[in-house]
Amino acid sequence: MKKYSVGVIGATGMVGQRFLLLLANHPWFEVKCLAASANSAGKKYKDALKRWHLSSPMPEKYADMVVFDATADKEKIAKEVDFCFCAVNMKKDELKELEYSYAKLECPIVSNNSAHRFTDDVPMIIPEINAGHLEVISAQRKRLGTSRGFIAVKSNCSLQSYVPLLHPLKKFGIKDVAVCTYQAISGAGKTFETMPEICDNVIPYIGGEEEKSEVEPLKIWGEVKGGKILPASSPKITAQCLRVPVSDGHTAACFVKFDKKPSKEEILKAWKDYSGEPQKLALPSAPKQFLHYFEEDNRPQPFLDRNLEGGMAVCAGRLREDNLFDYKFIGFSHNTLRGAAGGAVLLAELLAAKGYFD
C-alpha cells in the first residue's frame with residue numbers, strides 16, 4: 001500500500017488529538033497538515049493547544065508543525081494532501097459548506113461530523129456493516145463535478161455500542177428495538193476537570209442524541225438506488241440517552257423483538273461468527289474479532305473493556321430473555337476510538353484499499 005499524505009481539520013480538539021495519536025505511526029497515512037480555527041492559525045501546534053485532553057502524551061512529531069486556518073488556507077491544504085480527516089467544531093451550515101469546498105478542490109473528506117450524515121449521496125459508514133454504500137460516491141462526484149473529491153462520514157458515536165450487535169441478528173427479522181445509552185463525557189469533548197458538574201451525577205439529556213440514535217441506523221441499513229441511499233423502513237427504534245460520569249466508553253442497554261425469535265445459542269453464534277470487509281481485507285485498524293461476548297454478569301465495563309482490540313472492538317454481555325421484548329443485552333464501545341477517530345481512520349483505510357483516494 002502506498003503512503004498517503006493526510007490533513008487533520010480540527011486538530012486542536014479532543015477528537016483531532018485522538019486522530020493524531022492514531023496516525024503517529026500509521027503504516028499507510030502520514031500527517032502533513034494540521035488545521036483549526038483562525039485563532040490557532042500561524043501558531044506551532046504545541047502553542048495552539050489550549051489543553052491536551054488525552055492520557056497518552058502528544059506525539060512530539062507534531063509539536064512544531066504550524067497550524068493552518070481551516071477556512072482561509074483550504075486551497076493550500078488541498079494541494080498538500082491526498083485527503084483530510086475533519087473533526088472541526090463549527091455551526092452545521094458552515095461545516096457543510098466547508099466540507100463541500102474541500103471536496104470541490106478535489107480533496108476527499110473523511111468526516112467525524114454530523115453535517116452530512118443525511119445528505120443522500122454521502123455514505124455514512126460503519127465499515128463492518130455497510131461498506132457497499134461506498135458505491136454512491138460516484139453519484140456524489142457527478143453532482144459535485146469532481147473527479148477525486150467527495151465526502152464520506154462515520155455515524156454517531158453512540159450507535160457503535162448497539163447497532164453492530166443488532167446487525168448480525170437482522171436475519172431473524174428485527175421488529176422493534178428499545179435502547180438506553182449511557183454516554184461518556186469525552187463524547188461532549190469534556191474531561192472530569194472541564195465538566196465538574198458530572199461528578200456524582202447523571203444528566204438525562206444530550207441534545208440531538210435520541211433522534212440520531214433512532215434514525216441513523218436506518219440509513220446504515222438502507223440501500224443504494226438511483227445514486228442515493230434510501231433508508232430502511234424498519235425496525236422501529238426508540239432511544240433515551242444519558243450522560244454519565246465515565247471518561248471514555250458508551251454503554252447501551254438494548255431490548256429487541258423479532259419476527260422469528262432465535263435461541264440464545266443462535267444469537268451468540270451470530271455474534272461470534274460475524275466479520276466484515278475490514279477483517280477480510282486485514283485493514284491496519286480492524287479488530288481481529290469484531291464482536292466480543294462476555295459470559296460474566298458484570299461485563300462489559302468501561303474501565304476494564306474500553307481498550308479491547310485497541311479500542312476498536314464492540315462488546316456485549318448479559319444476553320437474556322425479556323418479559324416484554326424477546327431478548328435484552330448490554331452493548332459497549334469506546335466512543336472516541338471505535339465511535340469517533342478510530343472509526344474514521346478505519347473508514348479511510350477501507351477507502352484507500354478500495355482505491356477511492358487514487
Side-chain angles (χ1 to χ4, degrees), residues 126 128-129 155-172 174-187 202 206 209 213 217 220 235 237-258 261-276 278-279 286-340 342-343 346:
I126 296 177
E128 284 87 351
I129 293 177
S155 67
N156 191 43
C157 56
S158 66
L159 267 64
Q160 320 290 327
S161 61
Y162 62 94
V163 170
L165 295 164
L166 292 172
H167 184 70
L169 310 183
K170 289 187 77 218
K171 62 186 177 183
F172 303 118
I174 297 175
K175 286 177 60 179
D176 300 310
V177 176
V179 64
C180 188
T181 58
Y182 304 85
Q183 300 184 204
I185 59 175
S186 55
V202 169
I206 307 171
E209 286 292 298
S213 300
I220 291 166
I237 302 173
T238 184
Q240 291 206 100
C241 301
L242 294 78
R243 189 73 71 195
V244 296
V246 171
S247 58
D248 292 302
H250 290 351
T251 300
C254 196
F255 303 78
V256 193
K257 185 175 284 187
F258 296 94
K261 183 179 176 180
S263 67
K264 181 177 179 179
E265 289 71 27
E266 285 176 312
I267 293 176
L268 293 176
K269 187 176 189 303
W271 285 344
K272 183 179 180 181
D273 293 348
Y274 187 80
S275 64
Q279 286 71 38
K288 289 182 173 60
Q289 180 68 37
F290 178 38
L291 307 176
H292 287 252
Y293 183 77
F294 288 93
E295 296 287 349
E296 300 93 331
D297 285 338
N298 63 347
R299 303 283 287 277
Q301 295 180 25
F303 187 76
L304 296 176
D305 303 313
R306 57 185 161 219
N307 292 317
L308 186 63
E309 298 242 23
M312 293 298 289
V314 175
C315 304
R318 301 201 68 210
L319 174 66
R320 60 219 189 273
E321 293 192 46
D322 184 64
N323 293 330
L324 184 59
F325 289 77
D326 289 325
Y327 284 97
K328 53 192 171 187
F329 62 85
I330 299 297
F332 174 78
S333 64
H334 195 306
N335 58 297
T336 67
L337 286 169
R338 165 55 70 170
L346 184 62

To the nearest 0.5 Å, what is the distance between OH (Y293) and SG (C315)?
12.0 Å
Given side-chain contact (heavy atoms from CB on, under 4.5 Å), test D176 with F325 step by step and report yes or no.
CA-CA 8 Å; D176 300 310; F325 289 77; 4.2 Å; yes
For the residue pair R243 and I185, what are the closest heavy atoms and their distance?
CD-CA, 4.0 Å
Using a 3.5 Å cut-off and no angle test, enumerate the donor-acceptor pairs between side-chain atoms of residues 247-254 and protein atoms at least two apart in sequence or in another chain.
residue	atom	partner	partner atom	Å
S247	OG	R306	NH1	3.3
D248	OD1	S186	OG	2.7
H250	ND1	A184	N	2.9

Distance in Å, K272 NZ paired with I267 CD1, rounded so as to fall on 0.5 Å steps:
16.0 Å
Which distance, rounded to the nearest 0.5 Å, do you find between the CG of L304 and the CZ of F332?
9.5 Å
In Å and rounded to the nearest 0.5 Å, what is the CZ to CG distance from R320 to D297?
8.5 Å
Mind listing the closest non-hydrogen atom pair of H334 and T336 along with its distance?
CE1-OG1, 3.1 Å
For the pair L268 and L319, evaluate side-chain contact (heavy atoms from CB on, under 4.5 Å) and give the outcome as yes or no after the intermediate values.
CA-CA 9 Å; L268 293 176; L319 174 66; 3.9 Å; yes
Any donor-acceptor pair under 3.5 Å linking the side chain of Q279 with the backbone of Q289?
no
Within the side chain of Y162, is there an N or O that forms a donor-acceptor pair under 3.5 Å with the backbone of S213?
yes
Counting only N and O atoms by type, is there a donor-acceptor contact under 3.5 Å from the side chain of Q160 to the main-chain atoms of C157?
no
Does Y274 reach the main-chain N or O of P164 with its side chain, forming a donor-acceptor pair under 3.5 Å?
no
So, applying side chain to side chain donor-acceptor pair (under 3.5 Å) with E321, which one of K261, K264, K328 is it?
K261
Under a 3.5 Å threshold, yes or no: a donor from one side chain and an acceptor from the other, between E309 and H292?
yes
Salt bridge present between E266 and K171 (N-O < 4.0 angstrom)
no
For a 4.5 angstrom cut-off between non-hydrogen side-chain atoms, does R338 reach P287?
yes
If I take atom CD1 from residue I206 and atom CG from residue N156, how far apart are they, to the nearest 0.5 angstrom?
9.0 Å
For Y327, enumerate each residue passing the ring pair (Phe, Tyr, Trp, His ring centres under 6.0 Å) test, keeping only those at least two apart in sequence or located in another chain.
none
Looking at every non-hydrogen atom in both residues, tell me the closest pair between L165 and G331 and how far apart they are.
CD1-CA, 3.6 Å
Partner of F329 under ring-ring contact (aromatic ring centres under 6.0 Å, His included), picked from F255, F294, W271, is W271
Examine the side chains of Q183 and N335 and answer whether a donor and an acceptor come within less than 3.5 Å of each other.
no
Which heavy-atom pair separates G310 from L337 by the least distance, and what is that distance?
O-CD1, 3.6 Å
Atom pair CD1/NZ of I174 and K257 - distance to nearest 0.5 Å
13.5 Å
Close side-chain approach of I220 to I129, heavy-atom, < 4.5 Å
yes
